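Being a predicted model, the structure only gives us computed values, none of them experimental.
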Amino acid sequence: MTEPAISFVGIWTTLIAAGVFLYVLLDGFDLGVGVLHGFARERADRDLIMNAIAPIWDGNETWLVFCGLALMAAFPLAFAIIIPAVYFPILVMLIALVFRGVAFEFRYEDRPRRAFWDCAFQVGSLVATFAQGVVLGAFIQGFRVEGRQFTGSSLDFLTPFSILAGFALLFGYGLLGAGWLIIKTEGALQDWARRQGRRCLVGVVLGIAAVSLWTPLMNHHIAERWFSLPDILFLWPVPIVTLAVIIWEWRALNGSVDAAPFIAAILLFLLSYLGVAISLWPMIVPYQFTMWEAAASPSTQGFLLVGTLFLLPVILMYSGWSYWVFRGKARSDIGYH
């Protein structure tokens with residue numbers, strides 16, 4: 001069978017990769033805000049923090065749905081292996097996201113117990129973020145596969161490496177959340193967000209260092225990718241640029257430009273994402289199946305792509321419109337009620 005003139009595998013890989021990054025970026029910062037908001041001491045500050053994400057937090061999860069459906073449709077073999085391997089952390093994540101949504105609504109409706117719902121919102125954000133980090137760690141370390149089926153146990157995902165990834169993502173989302181709050185707030189609350197951002201950045205740096213050292217030791221394929229010639233000559237700029245962005249982020253958190261910490265955090269996530277992609281390329285089921293081996297038939301991918309190309313502009317337009325309408329600083333007198 002001849003390959004089609006246009007590689008649908010490449011197109012779908014790009015769409016899913018972009019969707020995952022957009023989800024991590026957009027839902028990441030509002031999960032990070034949820035993690036941080038419980039540490040604010042004053043109720044007025046917590047209310048203002050919630051107003052900073054109220055118009056957009058639930059719409060960000062659209063990308064999670066898109067990525068799951070796209071993986072199932074375009075790469076069914078990968079979906080059939082990955083989902084059973086990380087079923088429990090995904091289930092915990094989804095329950096936490098639902099619990100978080102309930103807490104968000106009830107904190108406004110059940111005012112006598114608002115402190116309880118504030119705590120519930122933070123716990124839901126913490127659990128959902130940690131579960132996502134565990135899924136990422138399990139994905140990087142790979143799965144036990146025989147033939148075309150996952151043959152490991154339902155607890156294979158639970159390893160020291162996946163737990164490390166869970167904590168690293170908590171600090172990462174916290175850094176994104178702090179950057180968003182710096183943009184949306186001012187005065188004492190903004191100063192508080194900058195302090196939280198500096199603390200989270202320390203955790204992010206430690207997490208990046210630990211994961212970067214652990215992954216080559218864990219798998220010789222990753223070690224060869226990063227440290228063998230001629231690859232090392234082309235890949236050495238990635239850690240150098242990452243270090244430069246970390247320095248910029250620290251300075252931005254101590255500076256006066258509101259948008260700089262959030263932009264630097266986005267670049268730090270992008271470089272980390274690029275590092276994972278370099279380590280695993282071209283595998284979609286790590287160390288087992290490439291994207292081409294796990295892909296649906298070209299006719300199936302082409303058919304699904306038609307509908308997707310109509311859907312994506314709609315998602316992008318309403319997401320962009322909501323951010324544009326609710327731009328500017330959050331205010332205590334205007335918010336979700």
Side-chain angles (χ1 to χ4, degrees), residues 3 7 9-18 20-21 24 67 71 74-75 77-86 89 132-153 156-169 171-172 204-246 267-295:
E3 288 291 325
S7 174
V9 171
I11 294 172
W12 274 107
T13 300
T14 302
L15 290 175
I16 293 175
V20 169
F21 183 73
V24 168
C67 292
L71 182 66
F75 300 97
L77 177 59
F79 185 88
I81 293 172
I82 294 171
I83 297 303
V86 292
Q132 288 180 20
V134 169
V135 171
L136 174 63
F139 180 78
I140 293 173
Q141 71 189 7
F143 312 110
R144 286 192 286 171
V145 176
E146 290 183 11
R148 296 167 66 87
Q149 294 183 337
F150 171 67
T151 57
S153 76
D156 278 2
F157 71 89
L158 196 60
T159 65
F161 181 78
S162 67
I163 292 173
L164 168 65
F167 281 110
L169 195 63
F171 285 109
V204 168
V205 172
L206 293 175
I208 290 175
V211 171
S212 298
L213 292 173
W214 198 329
T215 47
L217 297 174
M218 183 173 57
N219 190 282
H220 68 91
H221 295 289
I222 296 177
E224 290 176 1
R225 176 66 54 84
W226 282 97
F227 301 114
S228 64
L229 290 172
D231 291 351
I232 193 173
L233 300 177
F234 297 100
L235 299 180
W236 69 266
V238 175
I240 299 297
V241 174
T242 301
L243 179 60
V245 172
I246 289 171
L267 290 177
L268 199 54
F269 263 82
L270 182 61
L271 288 164
S272 301
Y273 193 52
L274 179 61
V276 173
I278 291 171
S279 298
L280 300 181
W281 176 267
M283 298 292 173
I284 194 169
V285 180
Y287 328 117
Q288 300 291 339
F289 295 103
T290 66
M291 297 175 294
W292 292 272
E293 292 170 337

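In this structure, Trp281 CH2 and Arg225 CZ are separated by 9.5 Å, a value rounded to the nearest 0.5 Å. In this structure, CD1 on Ile222 lies 11.5 Å from CD1 on Ile278, to the nearest 0.5 angstrom. Separating the CD atom in Gln288 from the CZ atom in Arg144 is a distance of 11.5 Å, to the nearest 0.5 Å. Atom CD of Glu293 sits about 7.0 Å away from atom CE of Met283, to the nearest 0.5 Å. For the atom pair Leu267 CG and Leu274 CG, the distance stands at 12.0 Å (nearest 0.5 Å).
Contact record, Pro286 with Gly142: CB-CA, 4.2 Å, taken as the closest heavy-atom pair. The shortest heavy-atom contact between Phe269 and Gly172 is CE1-O, 3.3 Å. Of all heavy-atom pairs spanning Ala168 and Gly207, the tightest one is CB-CA, 4.1 Å. Closest approach of Thr242 to Val238, counting heavy atoms only: OG1-O, 2.8 Å. Heavy atoms only, all atoms of each residue included: Val20 and Cys67 are closest at N-SG, 3.2 Å.
No side-chain heavy atom of Met291 sits under 4.5 Å from any side-chain heavy atom of Trp12. Between Phe143 and Thr151 there is no side-chain heavy-atom pair separated by less than 4.5 Å.
Applying the side-chain contact (heavy atoms from CB on, under 4.5 Å) test to Leu243 and every residue at least two apart in sequence or in another chain returns Ile247. Applying the ring pair (Phe, Tyr, Trp, His ring centres under 6.0 Å) criterion to Phe227, with sequence neighbours excluded, gives no partner residue. A search for side-chain contact (heavy atoms from CB on, under 4.5 Å) contacts involving Gln141 returns Ala138, Thr159, Phe161, Met218, not counting sequence neighbours. Qualifying ring pair (Phe, Tyr, Trp, His ring centres under 6.0 Å) partners for Phe150, counting only residues two or more places apart in sequence or in other chains: none. Partners of Ser153 by side chain to side chain donor-acceptor pair (under 3.5 Å), not counting sequence neighbours, listed by chain and number: Asp156. Judged as a side-chain contact (heavy atoms from CB on, under 4.5 Å), and not counting sequence neighbours, Gln149 has no contacts. Partners of Trp226 by ring pair (Phe, Tyr, Trp, His ring centres under 6.0 Å), not counting sequence neighbours: none found. For Phe171, the ring pair (Phe, Tyr, Trp, His ring centres under 6.0 Å) test picks out no residue, with sequence neighbours left out. With sequence neighbours left out, the side-chain contact (heavy atoms from CB on, under 4.5 Å) criterion links Trp236 to Ile240.
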Exercise for the section: Dump the intermediate steps for side-chain contact (heavy atoms from CB on, under 4.5 Å) on Ile208 and Leu268, then the final yes or no. Expected result: CA-CA 10 Å; Ile208 290 175; Leu268 199 54; 4.2 Å; yes

Which donor-acceptor pairs under 3.5 Å do the side chains of residues 77-86 make with protein atoms, sequence neighbours left out?
none

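In this structure a side-chain-to-backbone donor-acceptor pair under 3.5 Å is present from Ser162 to Phe157. When atom types are taken as modelled, the side chain of Tyr273 and the backbone of Ala17 share a donor-acceptor pair closer than 3.5 angstrom.
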